[in-house]
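Reckoned from all heavy atoms, side chains included, excluding hydrogens, waters and symmetry mates. For ligands, and for the atoms within them, numbers begin at 1 and follow the listed sequence.
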Amino acid sequence: MEFSGLKTTVVGLWSVLLGILAITAGVRGQQTDEGNFISIDCGIPDGSSYTDDGTKITYTSDAQFIDAGVNHNISADRMTTSLPRQQSSLRSFPNGPRNCYTLKPVKQGQKYLIRAFFLHGKYDGNADVSIQFDLHLGVNLWKTMNISNTSLVDSTETMAIASADFVSVCLINKGHGTPFISSLELRPLKNTLYPAVNSTSSLVLSARRNFGKKDGTILRYPDDPKDRIWIPFRNDPFWSDISTTNEVDHEKDDPFEVPRTVLQAAAVPVNSNNLSFYWWAGSSDETRLTYHYFMHFAEIQDEHRTFNININGDFWYGPVTPLYRMSLTVYTTSAGNLYWYNISLLATASSTFPPSINAIEIYSVMLISANETNVQDVKAVMAIKEHYNVKRNWMGDPCAPIEYAWDGLDCNSNTNSDKPRIISLNLSSSGLTGDLIQEFAELKVIENLDLSYNNLTGSIPDFLAELSSLKVLNLTGNKFSGSIPSALLERNSTGSLILRVEVIGSTTCDIDNSCKMEKKKKKIAIPILAIVIVVLLGLLLVVVFIVCRMRRRQQGLVLGTAVRPQNENYFLQQVDHEDYPLQLENRRFAYMELQKITNNFNHIIGKGGFGSVFHGYLENGTQVAVKTRSQSSTQGTKEFLAEAKLLTRVHHKNLVSLVGYCKDGNYLALVYEYMSQGSLHDHLRGKPAYIKVLSWRERLQIALESAQGLEYLHTGCRPTIVHRDVKTSNILLNHNLEAKIADFGLSKAFQSDVHSHISTAVVGTPGYLDPEYYQTYQLNEKSDVYSFGVVLLELITGQPPLLPARGEGHIVQRVGPKVAQGNIDDVVDARLQGAYDVNSVWKTLDIALMCTAQSSVQRATMGDVVMQLKESLALQIAWNQHHYTETVDISLNSVFEIADVGKLSVVEGPSAR
Ligand SMILES: *[C@@H]1O[C@H](CO)[C@@H](O)[C@H](O)[C@H]1NC(C)=O
Ligand SMILES: *[C@@H]1O[C@H](CO)[C@@H](O)[C@H](O)[C@H]1NC(C)=O
Ligand SMILES: *[C@@H]1O[C@H](CO)[C@@H](O)[C@H](O)[C@H]1NC(C)=O
Ligand SMILES: *[C@@H]1O[C@H](CO)[C@@H](O)[C@H](O)[C@H]1NC(C)=O
Ligand SMILES: *[C@@H]1O[C@H](CO)[C@@H](O)[C@H](O)[C@H]1NC(C)=O
Ligand SMILES: *[C@@H]1O[C@H](CO)[C@@H](O)[C@H](O)[C@H]1NC(C)=O
Ligand SMILES: *[C@@H]1O[C@H](CO)[C@@H](O)[C@H](O)[C@H]1NC(C)=O
């Protein structure tokens with residue numbers, strides 16, 4: 001299983017005692033680290049600051065962190081009393097493709113939590129916006145922000161390791177509106193926290209849910225010294241809350257350090273031994289995310305609870321037995337890449353109480369894949385930027401990504417090290433004044449340094465001569481005094497360096513040995529002086545630090561009100577299996593119910609001629625697909641209802657079953673069982689989500705099962721049903737890859753047994769349509785047989801029926817001649833790599849050609865087809881037994897995906913009823 005790795009952590013009792021002591025002493029704030037928080041309220045007047053009423057955290061203006069952008073206040077009509085102060089102003093970036101905040105001081109190699117908030121608030125007068133921009137952490141994409149509501153606060157949070165002594169957060173203008181930001185927060189984390197965060201992967205928060213909080217308080221600093229924001233989750237009908245005032249604590253080196261308040265309340269199921277919830281983790285195929293999740297437990301009632309954890313119906317971990325007043329976390333150690341996570345905590349037989357859960361955190365993984373500029377070069381060029389106050393696009397990483405590289409700077413990304421390095425720096429006519437600083441000498445691989453036409457003064461330092469790669473040095477147009485270092489002149493004269501310089505003022509020393517000696521002494525003196533200064537500064541910092549900490553201790557406890565980041569576009573939903581299975585036959589749904597079931601038609605999984613198809617959950621957790629009738633559909637209400645009625649009576653394991661229907665006013669919909677593995681079409685061609693190539697055995701199994709479904713329609717139903725649109729996209733697969741025929745509801749039942757055919761307006765799909773239809777305009781069972789033959793040919797060849805782009809004929813015409821030549825290798829899907837029984841394939845080809853005979857009388861019946869396919873399958877099974885055993889457990893290995901859905905796109909909401 002992808003999510004197989006996990007660990008638990010249990011806390012010793014001693015820490016509980018410690019917690020009580022700490023509370024009694026009133027020094028809880030001691031654990032906190034506010035002194036190292038960076039809290040920026042973007043857009044407030046430069047240099048101003050204030051203390052937040054709720055958190056008592058001091059927010060400062062962004063002036064010292066960025067030198068681009070424009071300050072704005074949000075519109076007065078978007079200012080509400082509950083709006084956090086930080087979100088009432090913002091900084092926007094109308095200019096430049098990339099604008100970055102440089103957050104410092106931070107410690108290189110330390111873990112940090114970084115969080116950004118965004119509220120448009122009509123700052124520019126526009127009430128309707130659709131703004132998209134990227135947020136980068138350093139050189140890596142953190143999140144694409146999509147702002148379409150001017151009164152909602154969006155936020156995003158990440159945990160990452162600082163790769164330098166600053167962290168840059170960049171807003172990238174993608175040409176879809178002006179980027180902006182309301183506030184930015186950085187919080188240090190102990191490096192032992194969140195082990196999934198390392199130098200190559202960061203985490204981006206999807207959800208942090210606090211269960212069992214009846215009062216709906218959002219919890220953050222100072223309750224959580226790390227200032228994580230814990231959003232309360234309630235689900236009243238199915239869950240109830242338990243809480244305690246007793247101390248619950250975590251061990252000192254617990255990797256999560258869940259705050260006490262979170263551990264003191266939990267959710268338990270009402271009338272059930274099963275606590276279930278789920279979230280969509282799906283993303284489009286191109287941007288698939290992987291997820292870590294951390295479930296936090298603590299026994300707070302001194303009861304015996306033991307439970308197993310299932311994910312998507314499969315056992316994942318257990319048994320779990322939280323200890324009294326101790327925190328325990330079950331967490332992933334490797335990220336899962338499922339489309340959908342349905343987590344169930346199931347009490348074991350020995351458990352006397354149902355499971356409880358305190359909190360869950362869900363994160364997607366952000367890989368640190370892009371290469372940042374060499375740290376030494378970055379430090380040097382940042383120091384140069386600051387010393388000379390260079391105002392350009394000098395923000396973020398100097399060299400990467402290449403399209404946002406700093407002006408006047410060239411980088412070499414092909415050096416032996418994988419990190420780009422600065423090889424050229426052009427600061428000509430940039431208004432530099434004062435001495436040349438030592439940091440120029442730290443650009444170790446620089447080849448071209450142009451400092452011409454500035455107001456640089458002082459002597460030309462001879463450390464420049466130590467830059468061994470330097471080929472061009474242009475110092476002309478400055479006001480240097482003194483002499484040119486002899487080493488530079490030497491290199492100029494040997495031609496290894498092109499030197500441009502004219503020295504103004506008196507020459508204080510000639511190019512002789514004594515001069516060189518003197519300068520060498522100076523060179524030694526500088527480092528010593530530097531060391532002394534560093535030591536003194538260090539001492540000063542220590543003193544400041546100690547004073548700060550002492551002051552913080554005196555601040556005492558303040559309870560947080562908090563912001564509610566409204567963009568956390570995920571939901572956790574309770575699922576109760578208690579009264580499963582429901583009797584669903586003939587169930588009629590009201591529109592309101594469908595709204596609930598589909599979470600307001602939020603998750604579209606397909607579109608058909610009939611209308612859109614939505615994913616949903618019944619109240620017992622069963623997944624369903626809701627087909628709605630589009631306004632443009634020609635199908636009449638009466639016809640629709642007749643069909644719905646008919647369909648509730650059609651039951652076969654190889655037909656997608658109808659769970660119920662909806663007729664509410666003009667609104668019509670059908671509710672079907674949900675097929676998690678999508679269509680056969682998707683597996684054969686469509687979707688990269690289905691990485692695994694279907695084996696020949698699986699293809700035969702699918703063929704047989706769909707044939708059985710069709711056979712039932714033709715012979716098992718009274719009146720007989722002709723499907724009329726058999727094709728690979730109407731053959732759906734469930735999580736076990738069991739095939740079921742879909743959309744037969746749109747076929748029309750035979751009106752009576754007297755007529756052996758039906759006729760209506762055109763149906764069917766080009767490529768699958770019975771050729772006789774063009775003469776008779778009638779479809780009958782043999783038309784389905786023809787279409788099924790085309791499906792068989794697709795299964796064999798892996799090719800679509802029509803290849804218009806290649807100008808080749810219909811699949812029957814393509815395959816027929818090759819079969820006649822006995823050339824099977826040319827026919828069979830190359831992706832099978834020869835792993836099939838030749839006789840089995842021949843037999844199936846025969847069946848397919850028998851089905852696709854031009855004349856319907858020559859075609860087999862579905863009953864024949866089923867019998868023949870059984871024989872083909874038997875041949876293949878025998879072949880498999882001799883060649884290898886198919887060990888792949890498809891229910892675990894194939895990805896649980898069906899269609900693309902936005903990332904965690906469903907908003908919070910309980911299931912129906
Ligand atoms: C925003 O409002 C504050 C206080 O009302 C004011 O001091 C500040 O100048 C305003 N900022 C801008 C950019 O208008
Ligand atoms: C951005 O949000 C709007 C409104 O929610 C949505 O229609 C649009 O598809 C989103 N765009 C992206 C790229 O997610
Ligand atoms: C970071 O963690 C991931 C898995 O979480 C692991 O694959 C990777 O090797 C780790 N990288 C380092 C540098 O430890
Ligand atoms: C980063 O460096 C590694 C190692 O040289 C290289 O394989 C990788 O392609 C680089 N990544 C990028 C985005 O250039
Ligand atoms: C250099 O400084 C002088 C006086 O300090 C000033 O007049 C001149 O404009 C400056 N030149 C440049 C290029 O900055
Ligand atoms: C500085 O000198 C180099 C080498 O001759 C030359 O290529 C460059 O253009 C000069 N810079 C300016 C601003 O003239
Ligand atoms: C550097 O060498 C060139 C010729 O090789 C000479 O013309 C130039 O004056 C030298 N530059 C300096 C600053 O001595």
### Task
Look at ligand 3 and say whether Ser199 reaches it with a heavy atom at a distance under 4.0 Å.
yes

### Message
Under a 4.0 angstrom heavy-atom cut-off, which atoms of ligand 6 come close to Ser452?
### Response
11 (N), 12 (C), 13 (C)

### Message
As an exercise, identify every atom of ligand 7 less than 4.0 angstrom from a heavy atom of Leu499.
### Response
11 (N), 13 (C)

### Summary
Atoms of ligand 6 under 4.0 Å from any heavy atom of Arg500, numbered from 1 in the order shown, are 2 (O), 5 (O)

### 4.5 Å side-chain heavy-atom contact, Ile422 and Trp406
no

## Note on the structure
Of Val365, Ile368, Thr333, the residue with the heavy atom nearest atom 5 (O) of ligand 3 is Thr333

### Query
Considering distance alone, does some N or O of Asn198 sit under 3.5 Å from an N or O of ligand 3?
yes

### Side-chain ion pair, Arg115 and Asp227, N-O less than 4.0 Å
yes

### Query
Do Ser199 and Ile368 pass the side-chain contact (heavy atoms from CB on, under 4.5 Å) test, and can you show the C-alpha distance, the side-chain angles, and the key distance before you say yes or no?
CA-CA 7 Å; Ser199 57; Ile368 309 297; over 6 Å; no

### Message
Quick check on contacts: which atoms of ligand 6 are under 4.0 angstrom from a heavy atom of Val472?
### Response
3 (C), 4 (C)

#### Entry: For Asp450, atoms of ligand 6 separated by under 4.0 Å from a heavy atom
1 (C), 8 (C), 10 (C), 11 (N), 12 (C), 13 (C)

### Query
So, do Thr332 and Tyr291 sit near enough that their side-chain heavy atoms are less than 4.5 Å apart?
no

#### Entry: side-chain contact (heavy atoms from CB on, under 4.5 Å) between Met295 and Ile309, worked out
CA-CA 10 Å; Met295 286 176 258; Ile309 303 178; 4.2 Å; yes

#### Entry: Closest protein heavy atom to atom 14 (O) of ligand 6, given as residue, atom name and distance to 0.1 Å
Asn474 ND2, 3.9 Å

### Query
Is the shortest distance from atom 8 (C) of ligand 7 to a protein heavy atom below 4.0 Å?
yes

### Task
Give the C-alpha distance, both sets of side-chain angles, the deciding distance and a yes or no for side-chain contact (heavy atoms from CB on, under 4.5 Å) between Leu499 and Leu489.
CA-CA 8 Å; Leu499 176 64; Leu489 288 173; 4.3 Å; yes

### Task
Would you kindly specify which portion of Leu489 sits under 4.0 Å from ligand 7, judged on non-hydrogen atoms: side chain, backbone, both or neither?
side chain

### Query
When you measure from atom 4 (C) of ligand 7 to every protein heavy atom, which one gives the shortest distance, and what is it?
Asn492 ND2, 4.7 Å

### Close aromatic pair by centroid cut-off 6.0 Å: Tyr293 and Tyr363
no

### Task
Measure from atom 2 (O) of ligand 3 to the protein's non-hydrogen atoms and state whether any distance is below 4.0 Å.
yes

#### Entry: Option set Leu203, Val197, Thr200, criterion heavy-atom distance to atom 11 (N) of ligand 3, minimum
Thr200

### Query
Under a 4.5 Å cut-off applied to non-hydrogen side-chain atoms, are Leu203 and Val365 in contact?
yes

### Task
Could you tell me whether the side chain of Val167 reaches within less than 4.5 Å of the side chain of Leu137, counting heavy atoms only?
yes

